[in-house]
Amino acid sequence: MTRRTCGALRITDSGTNVELDGWIHRRRDHGGLIFVDLRDRDGITQIVFDPQYPAFADAEHLRSEDVVRVCGRVRNRPSGTENAKLATGEIELAAEQLEILNRSLVPPFQVNVDENADENLRLEYRYLDLRRPRMQRNMTVRHRIIKAIRDFFDERDFLEIETPLLIKGTPEGARDYLVPSRLHPGSFYALPQSPQLLKQILMISGFGRYMQIARCLRDEDLRADRQPEFTQLDVEMSFCTQEDVLEIMESCMRSIWLRVLDIELPPFPRMSYADAMSRYGTDKPDLRFGLELVPASDVFTPTEFMVFKSTIESGGEIVAVRYPGGAALSRREFDALVEEAKLLGAKGMVWIALGADGVKSSVQRFIEERHANELALRMQAERGDAILLFADARDAAFAVAGRMRLEVGRRCGLQREGDFRFCWITEFPYLEINAETGKPIPAHHPFTSPAEGEWDLIESDPLRMRAQHYDMVLNGYELGSGSIRIHQPELQRRIFDMLGMTPEQIDAEFGFFVRALDYGAPPHGGMALGIDRIVMLACGEDNLREVIAFPKTQTARDLMMDAPSPAPAEALRELHVQVKP
RNA sequence: GGCGCUGUAGCUCAGUUGGUUAGAGCGCCGCCCUGUCACGGCGGAGGUCGUGGGUUCGAGCCCCAUCAGCGUCGCCA
């Protein structure tokens, strides 16, 4: 008697005695004969209970999700009753002994059908949800991707080094999760937003090539592609150029896609930040389709249409998006599209329909034939298409046009599943203006090295300074970013200085790091990629919760454990923490 | 914090203009059935319409508030 799994048995096993353990997937009771589909992670095997064995009596009482052990003989199914849908469909197990290892209550949703149960229920009874094929598959893909990553970097002489979870907080960036210290009243650890400074210190420590599958935590609001707790592929290399990092990370992704999905990826195209913003209105373009944005202010110079006129006069921009087949929309549908645009942040939207019976527009009397013709020519629009126009301050106009481009792409079915369009975005600006304070802050983090030859801009024109920073983007999702770091202490101080930090502030916040730079820090750089997002896209999911075993809700709760929850008074006392009523 | 969507049987959903006893499929329970595989047949149980308030002769449906989930903007160096 050998123990086997439920997806393993084949016709060649016929005649052997085996033991199968698993869950009751489904029972088909014919009165004088009972079929049971037995399920484990490996698959499903049909068990047949015949009245000639005592197990039959127990089988009559089996229910979905009961856990059983079945012993019997593997046999070929009678001719004509094979099931081509099952890998084990040519055989069945004739049960001789049945042991009920554990009963199950009736589950709150059906485990054995692909029914979209309510997310509350799925998360509360996550163990049942995880039993279902979709989640079993996603967790398997996740494992294989992480395995492929570790293999890839191991083959290239990288060391995986763990970094602590209880670390020092940083005032900038995302909000930290804090952990009160019992031994140090009033002091707190922070949970890492990323192991950024630690991995740089590992370079200073001489490890040369580091990687880690690292858990990161950020106390910010959630999105479909953002969980408070997530996993990064963290990489750092010494004596490297930006080109070295791009090469190895791109190779890694190519390796994953080949090993896990059996897909050969082409080289990743590269695009500057400025290009991405003006062609797609975002720094994470979805390259599965074209429909690039087109600036159109000059077409409407001059115009009597006040919205356009004032936009142009105030230095704004009119940005056009092509909507293939959009001329077929009814006026009512265009109205709905305008509302949608407003939800996406547009002040308004002008549409031009290039219909078979002529040009129509929401601002008919201002749109002349030559406007439509010139736009159509410029954006390769055809008869039957529509053109959507957004007028606003330059950045805002491109941003909203970029969001509408995605909406158009979605409506036209251009975001094909199984189509993987990676790209690199490079030449990011070093600084951006903080909307609240009006002061310049690093667009990424202050350890990023400015672009070569642009150090002097610190004094002359800091906002024009670019960073040796790069993002990897896939199908409109930012997978991650990296940079070449500053390794000379005096240059690091110049950056802090530019950001208006006093020596005291530097010492309090980053003293340990700046000191480390003083002891022979090698040139280094690296990158971090969001593994959850990679797995999500590889699985064809549009939501991180589908690829994380125990995810949080949008309000950062765990519905299964019911976390967070109040702490006992004694625990709070020990932690020197007082909760305001 | 803003905006939007959702909440009706265990599950997925329908529920007309506000009007009699709130329905369907699946699941569940019972009986029957020896080749099914989403088995089949017969019968049955099961509802605080998320919660609280309001309008009305009358509310699942309209209004207000609130809770939960989802999406999104802000936020995420």
Side-chain angles (χ1 to χ4, degrees), chain A residues 25-38 44-52 56 60-61 63-65 75 77-86 88-89 92 94 105-125 128 170-176 193-194 196-197 216-228 230 339-340 342-346 396 399-400 403 406-407 428 430-432 434-436 440-448 467 469 478 481 483 495 499 509-510 530 542-543 545 551-555 557 559:
Chain A
H25 188 67
R26 197 168 260 123
R27 190 179 64 114
R28 294 177 292 280
D29 187 344
H30 288 236
L33 192 68
I34 298 171
F35 298 96
V36 162
D37 289 339
L38 194 66
I44 286 174
T45 300
Q46 173 166 286
I47 317 291
V48 186
F49 291 92
D50 193 278
Q52 75 180 95
F56 184 84
E60 286 187 302
H61 301 110
R63 291 296 180 268
S64 289
E65 304 308 311
R75 68 184 183 204
R77 292 196 186 189
S79 176
T81 67
E82 299 89 350
N83 185 349
K85 286 188 244 169
L86 290 181
T88 60
E92 62 194 10
L105 295 177
V106 175
F109 53 86
Q110 286 177 253
V111 174
N112 56 13
V113 296
D114 262 336
E115 177 178 67
N116 262 340
D118 183 75
E119 275 228 61
N120 287 329
L121 274 179
R122 293 181 60 199
L123 293 175
E124 184 178 346
Y125 296 90
L128 296 179
T170 49
E172 291 85 5
R175 199 175 290 114
D176 283 325
Q193 297 173 24
S194 83
Q196 180 62 35
L197 291 178
C216 306
L217 302 106
R218 295 177 188 175
D219 190 3
E220 295 291 345
D221 286 353
L222 282 73
R223 291 285 185 281
D225 63 347
R226 262 163 41 190
Q227 282 272 313
F230 59 103
E339 288 312 306
E340 204 153 338
K342 284 180 179 168
L343 285 176
L344 293 175
V400 77
R403 289 185 198 128
L406 289 179
E407 172 62 19
F428 280 79
Y430 199 95
L431 295 171
E432 63 186 21
N434 182 306
E436 284 165 34
I441 54 167
H444 297 93
H445 59 64
F447 316 105
T448 301
H469 177 105
E478 180 194 321
S481 59
S483 64
I495 294 289
L499 300 173
E509 292 170 19
F510 306 115
D542 57 8
N543 180 331
R545 294 185 300 277
K552 305 277 190 289
T553 67
Q554 199 169 69
T555 51
R557 300 204 307 150
L559 297 182

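Per chain, numbering begins at 1; letters A, B, ... match sequence-line order. Heavy atoms only: backbone and side chains are in, while hydrogens, waters and symmetry mates are out.
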G10(B) and A45(B), which share atom name C1', separated by this distance in whole Å: 12 Å

Touch class at under 4.0 angstrom, heavy-atom based, for Glu92(A) against every strand present: base

Sugar-phosphate, base or nothing in reach of Asn112(A), heavy atoms under 4.0 Å: nothing

Along RNA chain B (nearest heavy atom to each residue), the more 5'-positioned of Gln46(A) and Arg403(A): Gln46(A)

Where do N or O atoms of nucleotides 23-26 of chain B meet protein N or O atoms at under 3.5 Å, pair by pair?
residue: C26(B); atom: O2'; partner: Gln110(A); partner atom: OE1; Å: 2.8
residue: C26(B); atom: O2'; partner: Gln110(A); partner atom: NE2; Å: 3.4

Any Arg557(A) side-chain nitrogen or oxygen under 4.0 Å from OP1 or OP2 of A68(B): no

Polar pair under 3.5 Å, donor/acceptor by atom type, side chain Asn83(A), base C37(B): yes

Sugar-phosphate only, base, or nothing, as touched by Asp219(A) at under 4.0 Å among non-hydrogen atoms: nothing

Touch class at under 4.0 angstrom, heavy-atom based, for Glu82(A) against every strand present: base

Touch class at under 4.0 angstrom, heavy-atom based, for Leu121(A) against every strand present: sugar-phosphate

Under-3.5 Å donor-acceptor pair between Asp221(A) side chain and G74(B) base: yes

Base-pairing mate for A68(B) - Watson-Crick or G-U, with both contacts under 3.5 Å: U6(B)

Assigned partner base of G30(B), Watson-Crick or wobble definition, under 3.5 Å: C42(B)

Donor-acceptor contact below 3.5 Å, side chain Tyr430(A) vs main chain His469(A): no

Stepwise side chain to side chain contact (heavy atoms under 4.5 Å, CB included) test for Val113(A) and Arg26(A): CA-CA 10 Å; Val113(A) 296; Arg26(A) 197 168 260 123; 3.4 Å; yes

Length of the CD-C1' vector between Glu340(A) and G71(B), whole Å: 12 Å

Phosphate OP1/OP2 of A38(B) contacted by Lys85(A) side-chain N/O (<4.0 Å): yes

Pairing of Arg28(A) and Asp37(A) as salt bridge, 4.0 angstrom limit: yes

Phosphate OP1/OP2 of C37(B) contacted by Thr81(A) side-chain N/O (<4.0 Å): no

Whichever of Leu344(A) and Glu220(A) has its nearest RNA chain B nucleotide further upstream toward 5': Leu344(A)

Partner nucleotide of U16(B) by Watson-Crick or wobble geometry (both distances under 3.5 Å): none

Distance-only donor-acceptor test, Arg27(A) side-chain atoms vs C37(B) base atoms, 3.5 Å: no

Rounded interatomic separation in angstrom, taking CG from Leu123(A) and P from G69(B): 9 Å

Watson-Crick or G-U counterpart of C75(B), or none if no pair lies under 3.5 Å: none

Sugar-phosphate only, base, or nothing, as touched by Arg77(A) at under 4.0 Å among non-hydrogen atoms: base

Short side-chain N/O contact from Arg63(A) to OP1 or OP2 of C29(B), under 4.0 Å: yes

